[in-house]
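A short worksheet on the structure shown next.
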Amino acid sequence: MTESPAQPAASPCPDAGGGEQRLLKLQRLAAAGFAPFGQAFPDTRLLTDLRAGFQEGLGVRTAGRLMTIRDMGKSIFADLRDGSDRLQLYAGKSQTAEFDTFKHLLDAGDLIGVEGELFTTRMGEPTIRILKWTLLAKALRPLPEKWHGLKDVEIRYRQRYLDLVANPDVRRLFDQRSQALREIREFLWAKGFREVETPMMQPQAGGAAARPFKTRYTALNADMFLRIAPELYLKRLLVGGFDKLFELNRNFRNEGLSKTHNPEFTMLELYQAWSDRKGMQALVQEMIVSVAQKVVGSLQVGRDENRIDLALPWREVTYRDLILEKAGSDWYDLAPDAARAHATSLGLAIDPTWSMSQITHEIYEKLIERTLKNPTFVTRLPRELVPLAKACADDDSVVDVFELVIGGKEIAPGYSELNDPVEQRKRLEAQSGAEAQKVDEEFLLALEHGMPPAGGMGIGIDRLVMILTGAETIRDVILFPQLKPKTTEEAQKVIR
RNA sequence: GGGCCGGUAGCUCAGGUGGUAGAGCACGGCACUUUUAAUGCUGGGGUCGCGGGUUCGAAUCCCGCCCGGCUCACCA
């Protein structure tokens with residue numbers, strides 16, 4: 001092997017991960033005429049297309065990351081992966097240019113461009129015979145373990161790119177998330193909805209009950225809040241004549257983390273003038289079924305414990321009936337003390353200061369909601385729970401809303417929007433009480449100019465993606481979930 | 001924020017009762033022209049999360065802290 005590049009007698013500066021070793025290889029690649037971190041490599045084909053359009057002997061040009069290298073001496077097999085698929089590479093001493101450089105200076109993890117031809121190996125594996133190749137980027141750090149993948153959840157979240165490279169299922173899941181977002185937009189666009197963008201920085205955070213993140217806008221010398229919901233701005237647009245509109249973007253809530261909560265989360269909110277709660281119910285049902293069909297290809301979604309049947313029709317049941325079913329048909333006739341005792345006997349910890357409606361809601365949240373696996377519209381919620389919804393025509397103690405529950409999680413609330421500015425003011429003032437956030441006067445002013453009767457709803461997109469993919473935790477459907485910032489030496493241990 | 005569990009090589013993991021740290025993958029060297037978790041031989045690689053303490057001696061026992069997971073509380 002006289003033409004092989006000079007080998008170092010031993011690692012001059014050995015290290016566990018091979019970083020120094022790889023730096024050395026990089027220098028030698030540069031000496032051999034390869035641009036250390038490559039140049040544009042245009043006119044490539046996706047590996048999935050090469051696989052689908054496989055033709056013996058077809059000339060191909062492609063690029064990707066080397067995943068594994070199987071060195072057989074004068075013959076090398078390797079796996080190449082791009083964003084679409086993986087495909088086997090073959091390098092032969094008598095056929096591949098710069099064979100020895102390939103053999104000695106490339107590592108799993110490197111990015112290369114390849115020109116060659118398709119053939120089938122003896123084992124029947126579709127393969128690219130490399131005629132020419134070039135270095136597009138040298139990976140100075142090794143890939144995670146090839147067989148077990150990357151399991152350390154902290155690294156998976158903090159260095160999601162490694163998770164995506166090492167765990168194909170993760171890549172597939174986020175691809176599904178992308179598709180779901182696209183399908184939602186296309187579905188709504190086809191129905192005549194328009195996507196709008198309203199402020200994420202708001203002088204007061206309204207439209208929901210949650211602690212906001214606070215920030216400071218220096219130029220205006222004013223405190224600002226990251227929005228907890230876009231609702232009050234979207235309704236201003238209803239007043240302005242956007243009859244069908246939606247916003248699909250982030251909300252921020254300064255609350256705890258859990259398997260179903262991330263401080264920034266993606267919400268679809270939409271409004272349709274001249275419609276109502278029933279219209280929203282029909283719309284959300286059609287939308288979710290359509291998205292599931294296109295993204296999952298089935299209405300049986302999730303896995304194992306999280307298996308859910310999205311087949312129509314979906315159950316619709318009133319809040320009251322669910323309560324009666326769980327707490328007994330005489331629940332609403334019980335005296336407060338008896339109710340408290342009964343709730344306790346159901347296994348709940350009841351705060352002695354709670355009102356009847358708070359106790360009732362505790363029963364709903366702790367004992368009922370999480371048991372509703374298949375899609376369920378819970379309707380006619382108590383008025384005080386939803387200050388922005390219209391009261392039911394036949395009973396003003398309940399509002400004309402639905403809460404769509406799937407997989408035991410709140411996925412989408414929807415309602416007939418309250419458009420009476422006088423009533424709206426009363427409800428907001430009742431809700432805000434003494435210390436909570438002030439009433440949004442600008443919003444009420446807009447209502448006074450006339451907001452059409454409308455249906456509106458919100459869909460928690462992260463939770464919807466959890467349902468569709470069977471993900472156990474919201475962190476698995478958010479590319480970069482919130483983690484505590486870390487400034488370890490680990491993070492500063494840079495290769496120089 | 002509370003409770004419980006965890007952190008050992010780049011990754012995946014072993015390391016009863018305290019005695020100076022191992023394997024596989026990855027990386028270097030050698031062999032091999034159809035392998036695919038390639039194989040065989042061989043070599044290098046560790047502040048055992050961080051800081052204190054106990055001890056002749058700590059990955060191991062004690063205390064504090066950091067980060068993560070689960071869970072409870074707030075919230076969608």
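Within every chain, numbering begins at 1; the chains are lettered A, B, ... in the order of the sequence lines, protein sequences first and strands thereafter.
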Checklist entry - Can you tell me if the side-chain N/O atoms of A/Arg70 get under 4.0 Å from OP1 or OP2 in B/U35? => result no
Checklist entry - Which listed nucleotide (B/U36, B/C27, B/C75) is nearest to the side chain of A/Gln88? => result B/U36
Next on the checklist: Here's a test of your reading of the structure: between A/Phe119 and A/His148, which maps to the more 5' nucleotide of RNA chain B?
Outcome noted: A/His148
Next on the checklist: Parallel, tilted or perpendicular: which one describes the rings of A/Phe77 and A/Tyr90, with boundaries at 30° and 60°?
Outcome noted: tilted
Checklist outcome for this item: Residues in residues 461-481 of chain A with a heavy atom under 4.0 Å of RNA chain B, by number, are A/Arg463, A/Arg475
Item to check | Heavy-atom check, side chain of A/Val114 versus side chain of A/Ile112, under 4.5 Å | outcome: yes
Checklist entry - Does any residue of residues 366-379 of chain A have a heavy atom under 4.0 Å from RNA chain B, and if so, which ones, in number order? => result A/Lys366
Checklist outcome for this item: A/His361 NE2 to B/C74 C1', in whole Å, measures 14 Å
Next on the checklist: Please classify the nucleic acid contact of A/Leu483 as base, sugar-phosphate, or nothing, using heavy-atom distances under 4.0 Å.
Outcome noted: sugar-phosphate
Checklist entry - Under the side-chain contact (heavy atoms from CB on, under 4.5 Å) criterion, do A/Ile461 and A/Ile184 qualify, and how do the steps go? => result CA-CA 10 Å; A/Ile461 298 300; A/Ile184 288 167; 3.7 Å; yes
Item to check | A/Ile128 CD1 - B/U36 C1' separation (whole Å) | outcome: 15 Å
Checklist entry - Checking side-chain contact (heavy atoms from CB on, under 4.5 Å) for the pair A/Met201/A/Arg227: CA distance, chi angles, key distance, verdict? => result CA-CA 6 Å; A/Met201 291 168 62; A/Arg227 72 177 179 197; over 6 Å; no
Checklist entry - Taking atom C1' of B/U34 as reference, at what distance in whole Å does atom CG of A/Leu118 sit? => result 16 Å
Next on the checklist: Can you identify which nucleotide, out of B/U35, B/C75, B/U33, has its nearest atom closest to the A/Gln95 side chain?
Outcome noted: B/U33
Next on the checklist: Between A/Glu98 and A/Lys93, does the salt bridge (Lys or Arg N to Asp or Glu O under 4.0 Å) criterion hold? Intermediate values first, please.
Outcome noted: CA-CA 9 Å; A/Glu98 297 279 358; A/Lys93 186 163 178 64; over 6 Å; no
Checklist entry - In whole Å, what is the span from the CG atom of A/Asp100 to the P atom of B/G29? => result 12 Å
Checklist entry - Rounding to the closest angstrom, what is the interatomic distance between B/G24 and B/C65 at atom C1'? => result 34 Å
Checklist entry - Which whole number of Å gives the distance between the P atom of B/G51 and that of B/C67? => result 16 Å
Next on the checklist: Any side-chain to backbone donor/acceptor pair from A/Arg253 onto A/Ile228? Under 3.5 Å, distance only.
Outcome noted: yes
Item to check | P atoms of B/A76 and B/G7, separation to the nearest Å | outcome: 36 Å
Item to check | From B/U34, B/A37, B/U36, nucleotide with atom closest to A/Arg86 side chain | outcome: B/U36
Item to check | N or O in side chain of A/Arg158 less than 4.0 angstrom from B/G68 OP1/OP2 | outcome: yes
Checklist entry - Looking at A/Phe119, does the NZ or CZ of A/Arg129 lie under 6.0 angstrom from its six-membered ring centre and within 45 degrees of the ring axis? => result yes
Item to check | Side chain to side chain, A/Lys146 and A/Met67, heavy atoms closer than 4.5 Å | outcome: no
Item to check | Between A/Thr266 and A/Arg177: side-chain donor-acceptor atoms closer than 3.5 Å | outcome: yes
Next on the checklist: Please verify the inter-ring angle class for A/Phe34 with A/Trp133; under 30° counts as parallel, over 60° as perpendicular, anything in between as tilted.
Outcome noted: parallel
Next on the checklist: With a 3.5 Å cut-off and heavy atoms only, can you find an N or O donor on one side and an acceptor on the other between the side chain of A/Tyr90 and the base of B/U33?
Outcome noted: yes
Checklist entry - So which nucleotide from B/U34, B/G10, B/C75 ends up closest to the side chain of A/Glu255? => result B/C75
Checklist entry - When we call it a touch if two heavy atoms are under 4.0 Å apart, what does A/Asn167 touch: a base, just sugar-phosphate, or nothing? => result nothing
Item to check | Same-atom distance (C1') from B/C48 to B/G22, integer angstrom | outcome: 12 Å
Next on the checklist: Base, sugar-phosphate or nothing for A/Asp71? Non-hydrogen atoms, less than 4.0 Å.
Outcome noted: base
Checklist entry - Of all the nucleotides listed (B/A38, B/U12, B/A26), which has the minimum atom distance to the side chain of A/Arg22? => result B/A26
Checklist entry - Of the candidate nucleotides B/A76, B/G10, B/U33, which contains the atom at the shortest distance from the side chain of A/Ser94? => result B/U33
Checklist entry - Nearest of B/U12, B/U34, B/A76 to any side-chain atom of A/Ala209? => result B/A76
Item to check | Rounded interatomic separation in angstrom, taking CE from A/Met67 and C1' from B/C25 | outcome: 13 Å
Next on the checklist: With hydrogens left out and only the distance checked, is there a donor-acceptor pair under 3.5 Å joining A/Thr121's side chain and the base of B/U35?
Outcome noted: yes
Checklist entry - What integer number of Å spans the P atoms of B/A21 and B/C25? => result 23 Å
Checklist entry - From the list B/A76, B/G29, B/G10, which nucleotide is the closest neighbour of the side chain of A/His261? => result B/A76
Checklist entry - Given side chains that start at C-beta, do those of A/Glu247 and A/Leu234 come closer than 4.5 Å, heavy atoms only? => result yes
Checklist entry - With a 4.0 Å cut-off on heavy atoms, is A/Tyr157 in touch with a base, just the backbone sugar-phosphate, or nothing at all? => result sugar-phosphate
Checklist entry - Just how far, in rounded Å, is C1' of B/A37 from CD of A/Glu125? => result 14 Å
Item to check | Pairing nucleotide - B/G68, Watson-Crick or G-U, each distance under 3.5 Å | outcome: B/C5
Item to check | Close side-chain approach of A/Tyr319 to A/Thr379, heavy-atom, < 4.5 Å | outcome: no
Next on the checklist: Taking the minimum atom-to-atom distance to the side chain of A/Lys259, which one of B/C67, B/U71, B/C32 wins?
Outcome noted: B/U71
Checklist entry - Across the strands shown, which category fits A/Gly458 at heavy-atom distances under 4.0 angstrom: base, sugar-phosphate, nothing? => result nothing
Checklist entry - Nearest-Å distance, CD1 (A/Ile155) to C1' (B/C11)? => result 8 Å
Next on the checklist: salt bridge (Lys or Arg N to Asp or Glu O under 4.0 Å) for A/Arg277 and A/Glu316? Distances and angles first, verdict last.
Outcome noted: CA-CA 12 Å; A/Arg277 176 219 114 212; A/Glu316 179 178 333; 3.0 Å; yes
Item to check | Separation of B/G68 C1' from A/Lys151 NZ (nearest whole Å) | outcome: 17 Å
Checklist outcome for this item: Of all heavy-atom pairs linking A/Leu118 and A/Gln55, the shortest is CB-O, 3.5 Å
Checklist entry - What nucleic acid atoms does A/Gly92 come within less than 4.0 Å of, heavy atoms only: base, sugar-phosphate, or nothing? => result nothing
I'd like a list of close polar pairs between nucleotides 1-4 of chain B and the protein, N/O only, cut-off under 3.5 Å.
none

Checklist entry - For the residue pair A/Arg51 and A/Asp85, what are the closest heavy atoms and their distance? => result NE-OD2, 2.8 Å
Checklist entry - Distance between the C1' atoms of B/C41 and B/C32, in whole angstroms? => result 12 Å
Item to check | Nearest-nucleotide 5' precedence on RNA chain B, A/Gly124 against A/Gln482 | outcome: A/Gly124
Next on the checklist: Between B/U8 and B/A59, how far apart are the two P atoms, rounded to whole Å?
Outcome noted: 15 Å
Checklist entry - Would a 4.5 Å heavy-atom cut-off, applied to side chains only, mark A/Leu26 and A/Phe37 as touching? => result yes
Next on the checklist: Does A/Ser258 reach a base, just sugar-phosphate, or nothing at all? Heavy atoms under 4.0 Å.
Outcome noted: nothing
